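These notes are about the structure you will find just below.
In what follows, chains are A, B, ... by sequence order, proteins preceding strands, each numbered from 1. From a predicted model like this one, the values you see are computed outputs, not experimental measurements.
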Amino acid sequence: MPKFYLTTAIDYSNGDPHLGHALEKIGADCIARYRRLRGDDVRFLMGMDEHSQSVIQAAARAGVTPQAWVDRMAVSFADYWRRLECSNDDWIRTTEPRHARAVTALLGRIRARHPDDLFEAEYEGLYCTGCEEFKTGAQIVNGHCIEHPTLDLIPTKERNHFFRLSRYRDAVLDRIRSGAFAVEPEIRRNEVVRLLEAGLQDISISRQRQPWGIPFPDDAQQTVYVWFDALINYLSATGFPDAGYERLWPADLHVIGKGITRFHCVIWPAMLLAAELAPPRAVWAHGYVQWSGAKMSKTAGTAVTLGEAIDHYGPDALRYYLLREVGFANDGDFTWERFDARYESDLANTFGNLVKRSLDMIHSFRGGIVPRDPRTRAAPLEDAARTAVAAYQRAMDGYELEEGAAQWMDLAARANRYIQETVPWELRKAGKETELDAVLAGLARTVARLAVLCQPFIPATADAVWTLFGPPTPLARVRLADLGEPAVEGRPVAKPPILFPKPRLASA
RNA sequence: GGCGGCGUAGCUCAGCUGGUUAGAGCAGCGGAAUCAUAAUCCGCGGGUCGUCGGUUCGAGUCCGACCGCCGCUACCA
């Protein structure tokens, strides 16, 4: 059973999560669930980035200590992710001892293997406390960082520890070009390649007068720069430096936002190479959720809160909408109109209705027992299912979640067409019982398969549908390989509920 | 400033190395059906393929310029 270690970016602890955060976690969770369905031994990590200047400020505003503040934020974030059905196996916070230990160990290892990769030098520049970065050029507009126009840039000059990033340009570039390190989608890879081709400067990796951070080894005056610290979380969670971390490392996939590719695709692999550790195998940089075409960021304020979006139709519907409509590669729009449209046409009318009408017919025509299918006739639905599952797998293997969701939905639509073509109620009237058995059994198999295919996207609904069949195997233990012959024939099936009710009709 | 991407039916988008009447989904209109959440199924899309030129027997599909968005990047007063 191949292992699959995937991670999401860890979030800053300075405000409530919004739809953009949610897209990333849901997408990563979808991938994690899909890999489990494939039979991989999945390890899925999420967590919080808690060492930053903004934490001190936010804590001060709230009148609490930084630790109390990050504790509160961690609970808030984790609660949202639970509501959104994230199936992470671990939850790391950069204030945990296991993380500090790993950061210290990694720096020690770099110093041991490549002593001159770490050196001291003077740095001078304008520092943005929002980004935790020094800013230059077009990143500064009207004297403020373009990402954080409400914050003042701090002129800073200090002696810091540096990492000889420039030395690793060729090594990182080679790995990206050869595919050993996959940066996706392609547009992000091209950007990173061009960045590398342009050359790299060495980077400062420590800060003075920044007590809220991990002490820099052998230098009590300094703490580890928050970005350098944060990236290491992926390694900390493997148990590094204790023996056994190699069971998880290297990460198979880092899921991140497109805004932090430089850190994950350039600096992070270079850090690992300097320590003679394997770089990650892949990074997927998703796009942003926009609000009617405009940027929606935590600093700029959001047009819709995550809580509102979840409460509108429930977690499953939001997951589906974000992954299908907004998408996991490019930027996409969140609008209530599109959300409503997807909910009704896809979830309610196509999938929900298919489940209901199929199983209701099994109740009306066969007393709630899925008939045995003699398989004496051609079965167009079986062919459609085989094709759809193959296309679904191709898409999901490439992290094309929109396409995977589309394949699932297309199969449901095909099954609806099948019902119109075969007209089961006419078969009933005409007394063509054998044919009716074949149709109803085929529909039951298809519904069962659809429940499995949508599990990465809408896990709660998938489980509810799967459970209707009173199956011997819980959905969590079902594998894609079992889809050829779902064990539903001859089994009693429960009365199907209305899966995605329309509030519009209930209130009318 | 450099590099790159996008601009195709009301909406979201497919259209690979140029070649029959430019496609899908949603919405809308008409019809069928009644197992089902008035759900489903069938039929209906004449859109200057951002603009203007060019290459070609032939261009959303290649080249150039321009317009409008957007991304990455640059020690630009």
Next on the checklist: Generate the contact string for nucleotides 28-36 of chain B. Rules: B means base contact, S means sugar-phosphate contact only, - means no protein heavy atom under 4.0 Å.
Outcome noted: -----SSBB
Item to check | Pairing pattern in dot-bracket form [Watson-Crick, G-U; both distances under 3.5 Å; | = partner strand] for RNA chain B | outcome: (((((((..((((.....[...)))).(((((.......))))).....(((((..]....))))))))))))....
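Across all strands, A/Leu354 comes closer than 4.0 Å to no nucleic acid atom at all (heavy-atom distances).
With a 6.0 Å cutoff to the six-membered ring centre and a 45° limit on the axis angle, A/Arg491 does not count as a cation-pi contact of A/Phe469.
The interatomic distance linking A/Glu325 (CD) with B/A27 (P) rounds to 12 Å, in whole Å. Atom pair A/Trp336:CH2 and B/C26:P shows a separation of 23 Å (rounding to whole Å applied). Put simply, CD1 on A/Ile267 is 15 Å from C1' on B/C72, counting in whole angstrom units. Between A/Glu344 atom CD and B/A38 atom C1' the separation is 12 Å, expressed in whole Å. Distance OH (A/Tyr321) to P (B/C26): 16 Å, rounded to an integer number of Å. In this structure, CZ of A/Arg417 is placed 12 Å from C1' of B/G25, rounded to the nearest angstrom. A straight line from CG of A/Asp333 to C1' of B/U12 spans 10 Å, rounded to a whole angstrom. Atom-to-atom, CG of A/Leu411 to P of B/U40 comes out at 16 Å; the value is rounded to the nearest Å.
Atom name C1', nucleotides B/G15 and B/U55: the rounded distance is 22 Å, in whole Å. One P atom belongs to B/C42, the other to B/A24, and the distance between them is 13 Å to the nearest Å. For the C1' atoms, the distance from B/G31 to B/A14 is 29 Å, rounded to whole Å. Here, B/A22 and B/G50 have their P atoms 15 Å apart, quoted to the whole Å. Across the C1' atoms, B/G7 and B/U20 are found 28 Å apart, a figure rounded to whole Å. Taking atom C1' on both B/G46 and B/G53, the two are 27 Å apart, rounded to the nearest angstrom. Nucleotides B/G18 and B/U37, compared at atom C1', are 48 Å apart to the nearest Å. Nucleotides B/G47 and B/G10, compared at atom C1', are 11 Å apart to the nearest Å.
In this structure, the salt bridge (Lys or Arg N to Asp or Glu O under 4.0 Å) partners of A/Arg281, at least two apart in sequence or on a different chain, are A/Asp252. Under the side-chain hydrogen bond (donor to acceptor under 3.5 Å, both in side chains) criterion, A/Ser206 pairs with A/Gln222, not counting sequence neighbours. Applying the salt bridge (Lys or Arg N to Asp or Glu O under 4.0 Å) test to A/Asp29 and every residue at least two apart in sequence or in another chain returns A/Arg33, A/Arg319.
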Next on the checklist: Please evaluate residues A/Asp340 and A/Tyr313 with respect to the criterion side-chain hydrogen bond (donor to acceptor under 3.5 Å, both in side chains), reporting the C-alpha separation (whole Å), side-chain torsions for both, the decisive distance (0.1 Å), and the verdict.
Outcome noted: CA-CA 9 Å; A/Asp340 291 345; A/Tyr313 290 123; 2.7 Å; yes
Checklist entry - Yes or no on salt bridge (charged side-chain N to carboxylate O under 4.0 Å, His left out) for A/Glu421 and A/Arg414, after CA distance, side-chain angles and deciding distance? => result CA-CA 10 Å; A/Glu421 290 161 8; A/Arg414 178 69 190 87; 3.5 Å; yes
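Proximity of the aromatic rings of A/Tyr343 and A/Tyr321 is defined here by a centroid distance below 6.0 angstrom, and this criterion is not met. The six-membered or imidazole ring of A/Trp425 lies away from that of A/Phe365, with a centre-to-centre distance of 6.0 Å or more.
Summarising the geometry, atom CZ belonging to A/Phe328 is positioned 7.0 Å from atom CD belonging to A/Glu24; distances are rounded to the nearest 0.5 Å.
More than 12 heavy atoms of other residues, nucleotides or ligands lie within 6.0 Å of NZ in A/Lys495, so this atom counts as buried by the packing criterion. Summarising the local packing, CD of A/Gln221 is surrounded by 12 or fewer heavy atoms from other residues, nucleotides or ligands at distances under 6.0 Å.
Within residues 176-201 of chain A, the residues having any heavy atom under 4.0 Å from RNA chain B are, by residue number, A/Arg188, A/Glu191, A/Arg194, A/Leu195.
Of the residues near RNA chain B, A/Arg414 and A/Arg342, the one whose nearest nucleotide (by heavy atom distance) lies more toward the 5' end is A/Arg342. Annotation: of the two residues near RNA chain B, A/Leu347 and A/Thr350, the 5′-most nearest-nucleotide partner is A/Leu347.
Judged purely by atom type and a 3.5 angstrom limit, A/Tyr399 has no side-chain atom pairing as donor or acceptor with the backbone of A/Glu184. Side-chain atoms of A/Arg366 do not come within 3.5 Å of backbone N or O of A/Pro371 as any donor-acceptor pair.
The glycosidic torsion of B/G54 lies more than 90° away from 0, which places this base in the anti conformation.
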